[in-house]
A.B. asks: 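Take a look at this one; I'll ask things after.
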Amino acid sequence: MNKPQVSVIMPVYNGEKYIKQAVESVFAQKVATELLVIDDGSTDHTEKVLSAYEGREDFRYLKNKENMGAARSRNRGVQEARGEYIAFLDADDWWEEGKLTAQLELLEKTGYVLCSTGRELMKADGTDTGRYIPVKEKILYRDLLKHNSINCSSVVIRREAALEFPMEHDDSHEDYITWLKVLRKYGCAGGINLPYLKYRLSEGGKSRNKLKSAAMTYRVYRYAGYGHVKSCLFFASYAVHGILKYF
């Protein structure tokens, strides 16, 4: 196949229930893509579900020899990718048609290295909750410190930036740390305030336990190099935004 413009990285662990919808939403995009599914040691029928895509030139299935976690699985995908851009999509989320086209147009127009979109919150069964989380058209580093408005499954990022700032620290929000590093260097990111991402509120998600998620967010600020006082101030802002976002 010709070199893809976008490499879509999809880590999965026991995702047999939802991954088909995620995969189909990638193939529905009108952009030259390749999809890399990184199976992090699934013990269910994930591999069987994905066998339906064997033989497609735009599909690659990679299975980790041991459980590596989401951060290292995404990093493996970025290393293996051939596209100019990287898009991330979790196996229980899905995209609306036109997402990648709109983001590539914005990135080429502005010269930004990263772009995210708004997201609709969906129930575990895929039905709409009626809640929508917007995103600013221009996301500055100082804005991102106050709350993480960039959802991983909405992101398109230039591959060289993804390679420069690999995800780390699985005991925190590893994607949030990466976005902070990217914006600290490049200044800002773009946002498309449309619900191109359908974000499933599935049970067992990393952010579903709010106390655990709060502790991980505090660790983000510490990993970013901030002291206890500033970390507490940023965390307070995060908490307020969290209440407004979900309630």
Side-chain angles (χ1 to χ4, degrees), residues 6 8-10 15 17-26 28-31 70 87-107 109-110 112 114-157 173 175-176 178-180 182-183 188-214 216-217 220 234-247:
V6 181
V8 182
I9 310 302
M10 185 183 296
K17 191 173 181 181
Y18 303 125
I19 195 168
K20 182 178 179 180
Q21 185 174 22
V23 169
E24 292 295 336
S25 77
V26 173
Q29 302 297 309
K30 306 302 182 184
V31 170
F88 296 108
L89 179 61
D90 287 346
D92 53 354
D93 300 331
W94 72 97
W95 294 335
E96 285 287 338
E97 290 186 31
K99 174 187 180 289
L100 294 184
T101 299
Q103 289 182 282
L104 291 177
E105 288 177 355
L106 186 142
L107 288 167
K109 178 181 177 180
T110 62
Y112 296 152
L114 188 151
C115 176
S116 67
T117 74
R119 63 191 188 271
E120 271 188 298
L121 303 183
M122 314 302 288
K123 297 178 183 177
D125 63 3
T127 57
D128 194 350
T129 66
R131 289 180 288 171
Y132 172 69
I133 299 179
V135 65
K136 291 182 178 180
E137 291 183 6
K138 190 174 184 178
I139 306 166
L140 301 176
Y141 177 73
R142 63 174 180 267
D143 298 325
L144 197 64
L145 276 173
K146 297 174 183 177
H147 76 114
N148 184 15
S149 59
I150 299 175
N151 184 273
C152 190
S153 285
S154 80
V155 164
V156 174
I157 183 172
H173 296 297
D175 56 331
Y176 188 12
T178 292
W179 316 148
L180 285 170
V182 171
L183 266 64
C188 63
I192 298 176
N193 193 24
L194 291 171
Y196 280 121
L197 170 61
K198 307 302 180 183
Y199 180 78
R200 194 188 305 268
L201 298 172
S202 54
E203 294 299 325
K206 202 172 183 181
S207 297
R208 294 293 285 160
N209 184 321
K210 296 306 176 188
L211 288 177
K212 181 179 179 181
S213 180
M216 290 191 296
T217 299
V220 166
F234 293 140
F235 178 80
S237 176
Y238 150 84
V240 171
H241 279 93
I243 293 171
L244 295 175
K245 181 171 69 174
Y246 287 101
F247 302 103

A.B. asks: If you measure from NE2 on His173 to OG1 on Thr178, what distance do you get to the nearest 0.5 Å?
C.D. replies: 13.0 Å
A.B. asks: How many angstroms lie between atom CD1 of Ile139 and atom SG of Cys188, to the nearest 0.5 angstrom?
C.D. replies: 9.0 Å
A.B. asks: Could you tell me whether the side chain of Tyr112 reaches within less than 4.5 Å of the side chain of Lys138, counting heavy atoms only?
C.D. replies: yes
A.B. asks: Any pair with a residue in residues 189-199 that passes salt bridge (Lys or Arg N to Asp or Glu O under 4.0 Å), sequence neighbours left out, goes on the list, sorted by first then second residue, please.
C.D. replies: Glu96-Lys198, Glu120-Lys198
A.B. asks: Could you tell me whether the side chain of Asn193 and the main chain of Gly118 form a donor-acceptor pair under 3.5 Å?
C.D. replies: no
A.B. asks: So do Met10 and Ile19 actually touch side chain to side chain, heavy atoms under 4.5 Å?
C.D. replies: yes
A.B. asks: Looking at Tyr196 and Leu100, would you say the former's side chain and the latter's main chain have a donor-acceptor pair under 3.5 Å?
C.D. replies: no
A.B. asks: With rounding to the nearest 0.5 angstrom, report the CG to OG1 distance, Leu121 to Thr129.
C.D. replies: 4.5 Å
A.B. asks: Using modelled atom types only, decide if a donor and an acceptor are shared between the side chain of Ser25 and the backbone of Trp95 within a distance under 3.5 Å.
C.D. replies: yes
A.B. asks: How many angstroms lie between atom CG of Asp125 and atom NZ of Lys17, to the nearest 0.5 angstrom?
C.D. replies: 8.5 Å
A.B. asks: Are any side-chain N or O atoms of Tyr132 and backbone N or O atoms of Leu194, one a donor and one an acceptor, separated by less than 3.5 Å?
C.D. replies: yes
A.B. asks: Are the side chains of Leu201 and Arg131 in contact, using a 4.5 Å heavy-atom criterion?
C.D. replies: yes
A.B. asks: Between atom CG of Leu106 and atom CD1 of Ile192, what is the distance when rounded to the nearest 0.5 Å?
C.D. replies: 5.0 Å
A.B. asks: Closest approach of Ser149 and Leu144, non-hydrogen atoms and distance?
C.D. replies: N-CD1, 3.9 Å
A.B. asks: List for me each residue that meets salt bridge (Lys or Arg N to Asp or Glu O under 4.0 Å) alongside Lys136, sequence neighbours excluded, and say none if there are none.
C.D. replies: Asp143
A.B. asks: Measure the spacing between OH of Tyr199 and CG of Asn151 and express it to the nearest 0.5 Å.
C.D. replies: 5.5 Å
A.B. asks: Name the residue from Thr127, Asp128, Asp92, Asp93 that meets the side-chain contact (heavy atoms from CB on, under 4.5 Å) definition with Met122.
C.D. replies: Asp128
A.B. asks: If we check side-chain contact (heavy atoms from CB on, under 4.5 Å) with Ile150, which of these qualifies: Asp175, Val135, Leu114?
C.D. replies: Leu114
A.B. asks: Decide if atom CD of Glu97 counts as having more than 12 heavy atoms of other residues, nucleotides or ligands within a radius under 6.0 Å.
C.D. replies: no
A.B. asks: For Ser154, is there any backbone N or O sitting under 3.5 Å from a side-chain donor or acceptor partner on Gln103?
C.D. replies: yes
